[in-house]
Amino acid sequence: MMETELPEDWNREECADSPFHLSATLASGQSFRWRRDARGIWWGAVEETVITAWQAEGQPDSPLRWQTFPEANRREFVRNYFRLDVDLPALYREWIAAEPQMAYAISAFRGLRILRQPTAECFFGFQCATCNTVLKIERTVRKLAERYGAPIPVPHSLPFPAPGPFHAFPTVATLAAADESELRADLWGYRAPRVIALAKGLQSLPEDDWLLSLRSRPYAEVHAALSALHGIGAKIADCICLFALDKDEAVPIDTHTRQIAVRLYRPDLAASSLTPRVYAALAETYRSRFGSYAGWAQQYLFFAELRRAADYLPHAE
DNA sequence: TTTTTGCCTCTGG
DNA sequence: CCAGAGGCAAAA
């Protein structure tokens with residue numbers, strides 16, 4: 001990665017007292033629409049805003065540099081999305097005490113945070129994740145945004161050319177009116193009709209923004225409500241709970257977190273198939289050890305498992 | 001309750 | 001080629 005000199009007008013967020021690991025956060029598989037350019041600058045669309053972000057690689061105590069478009073200097077928007085308010089050092093002390101094997105993941109990914117993603121993007125993005133690969137999920141979600149999302153203008157005069165174009169994630173109304181054959185052409189496969197049906201279902205609810213209203217409801221209730229929707233099982237429901245709805249205790253049990261939990265805590269469940277009962281038992285092993293931020297702890301173990309020996313940085317484009 | 005099977009499509013063995 | 005990929009739901 002070449003050293004990048006950023007213009008002075010890029011905003012600066014100090015991370016000395018509260019670490020933030022930009023690349024680990026964006027590469028850990030919780031979001032699908034960020035891209036990194038050849039200079040190591042990350043570009044992403046969040047709601048109607050494009051965020052550019054840069055940080056010295058592997059230095060989670062160094063300042064986060066950022067800009068927003070088209071409206072500049074949206075500091076609270078950026079802090080809110082990256083959840084910079086969460087006191088990670090305090091959590092690390094609790095986690096290490098509860099599980100010594102967390103030490104490696106914490107040292108490797110110190111500053112990794114769970115994002116507060118826009119609700120619809122997370123809801124539909126993870127619908128794509130069933131039986132799929134991360135690379136293909138990213139391609140597929142990007143195609144959806146390019147076809148149905150509103151373009152977000154980014155000035156041509158930037159010193160660093162945007163790897164754009166950028167699009168807002170499509171609205172629920174747009175997805176409800178989407179054409180199944182177009183979605184299938186964009187690699188959604190058998191998930192295409194589910195996306196349209198889920199969008200129609202959300203649209204028909206009386207609430208103004210039902211998904212957003214779930215942020216203020218308790219985890220158990222939200223998980224049950226999401227799981228009841230056709231196409232959303234326990235795992236996808238937990239992803240939405242954790243990555244968009246402020247449910248920090250939600251622990252998505254997938255093929256990786258399942259292996260980890262079985263290895264560390266429940267070898268007796270090694271041969272059990274992942275029935276609802278087993279799913280709940282494995283998720284509970286995380287919660288009973290790591291507490292109300294078990295979902296965050298899980299992300300460290302998950303990412304360490306995923307990139308055990310590999311370089312976790314994506315290849316520059 | 002648990003186990004099995006089909007589902008779009010791409011990729012690594 | 002074929003199995004599996006950060007599942008899910010229907011059927012047995």
Side-chain angles (χ1 to χ4, degrees), chain A residues 24-34 105 109 112 114-115 117 121-144 147 178-199 201 223-244 247 250-263 266 268-283 286 294-310 312 314-315:
Chain A
T25 298
L26 295 181
S28 67
Q30 52 180 315
S31 64
F32 303 119
R33 299 218 298 144
W34 282 87
F109 311 129
L112 168 61
I114 297 295
L115 300 167
Q117 298 185 50
E121 172 172 344
C122 189
F123 181 87
F124 291 103
F126 275 95
Q127 176 66 210
C128 184
T130 65
C131 216
N132 215 339
T133 60
V134 172
L135 198 62
K136 203 165 143 235
I137 298 167
E138 291 173 348
R139 278 210 307 264
T140 308
V141 172
R142 179 165 304 163
K143 281 172 176 286
L144 186 75
R147 187 189 284 275
D179 181 43
E180 181 181 328
S181 63
E182 288 184 336
L183 289 180
R184 284 181 181 268
D186 287 351
L187 307 180
W188 283 80
Y190 62 84
R191 308 165 191 86
R194 289 182 187 171
V195 166
I196 296 168
L198 284 168
H223 187 263
L226 290 174
S227 305
L229 302 177
H230 191 274
I232 307 246
K235 191 266 181 180
I236 301 298
D238 271 322
C239 288
I240 300 165
C241 280
L242 179 63
F243 301 135
K247 304 299 174 265
V251 180
I253 301 297
D254 59 31
T255 174
H256 302 291
T257 52
R258 177 188 182 186
Q259 294 305 320
I260 296 167
V262 165
R263 192 169 67 229
R266 295 298 300 268
D268 59 305
L269 294 178
S272 308
S273 59
L274 196 56
T275 61
R277 190 175 290 274
V278 171
Y279 184 103
L282 293 179
Y286 285 94
W296 290 55
Q298 162 276 145
Q299 194 73 6
Y300 283 73
L301 292 172
F302 168 81
F303 197 33
E305 182 88 356
L306 201 62
R307 310 289 173 89
R308 226 181 244 266
Y312 60 89
H315 297 294

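Residue numbers begin at 1 in each chain, while the letters A, B, ... track the order of the sequences.
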Query raised in the report: Relative to each other, are the rings of A:F302 and A:H256 parallel, tilted or perpendicular (30° and 60° limits)?
Result: perpendicular
Report task. Pick base, sugar-phosphate or nothing for A:S28, based on heavy-atom distances below 4.0 Å to the nucleic acid. Result -> base
Report task. Using whole Å, report how far NZ of A:K136 lies from P of B:dT11. Result -> 8 Å
Query raised in the report: Pick the nucleotide of DNA chain C nearest each of A:A129 and A:A228; which residue has the one closer to the 5' end?
Result: A:A129
Query raised in the report: What nucleotide, of B:dT2, C:dC8, C:dG6, holds the atom closest to the side chain of A:F302?
Result: C:dG6
Report summary line: Side-chain atoms of A:S273 come closest, of B:dC10, C:dG7, B:dT3, to B:dT3
Query raised in the report: Looking for any heavy atom pair under 4.0 Å, which part of the strands does A:L229 touch: base, sugar-phosphate only, or nothing?
Result: sugar-phosphate
Query raised in the report: When you match A:F243 and A:H230 each to their closest nucleotide on DNA chain C, which lands nearer the 5' end?
Result: A:F243
Report task. Work out which heavy atom in A:A261 is nearest to a heavy atom in A:L282; give both atom names and the distance. Result -> CB-CD2, 4.0 Å
Query raised in the report: Is A:R139 touching bases, backbone alone, or none of the nucleic acid, heavy atoms closer than 4.0 Å?
Result: sugar-phosphate
Report task. Remember a base hit wins even if backbone is also touched, and classify A:I236 as base, sugar-phosphate or nothing at under 4.0 Å, heavy atoms. Result -> sugar-phosphate
**Report entry** A:R184 (side chain) and B:dC8 (base): donor-acceptor pair under 3.5 Å
**Finding:** no
**Report entry** d(CD, A:Q127; P, C:dA5) in whole Å
**Finding:** 19 Å
Query raised in the report: CD/A:Q299 to CG/A:L115 distance, rounded to the nearest 0.5 angstrom?
Result: 9.0 Å
Query raised in the report: Is there a donor on the side chain of A:K235 or the base of C:dG7 sitting less than 3.5 Å from an acceptor on the other?
Result: no
Query raised in the report: Is there a Watson-Crick or G-U wobble partner for B:dG13 with both distances under 3.5 Å, and if so, which one is it?
Result: C:dC1
Requested in this report: Round to a whole Å and report the spacing from OH of A:Y190 to P of C:dA10.
Outcome: 14 Å
Requested in this report: For A:L274, report the nucleic acid contact type (base, sugar-phosphate, nothing); a contact means any heavy atom under 4.0 Å.
Outcome: nothing
Query raised in the report: A:G231 near the nucleic acid: base, sugar-phosphate alone, or nothing, with a heavy-atom cut-off under 4.0 Å?
Result: sugar-phosphate
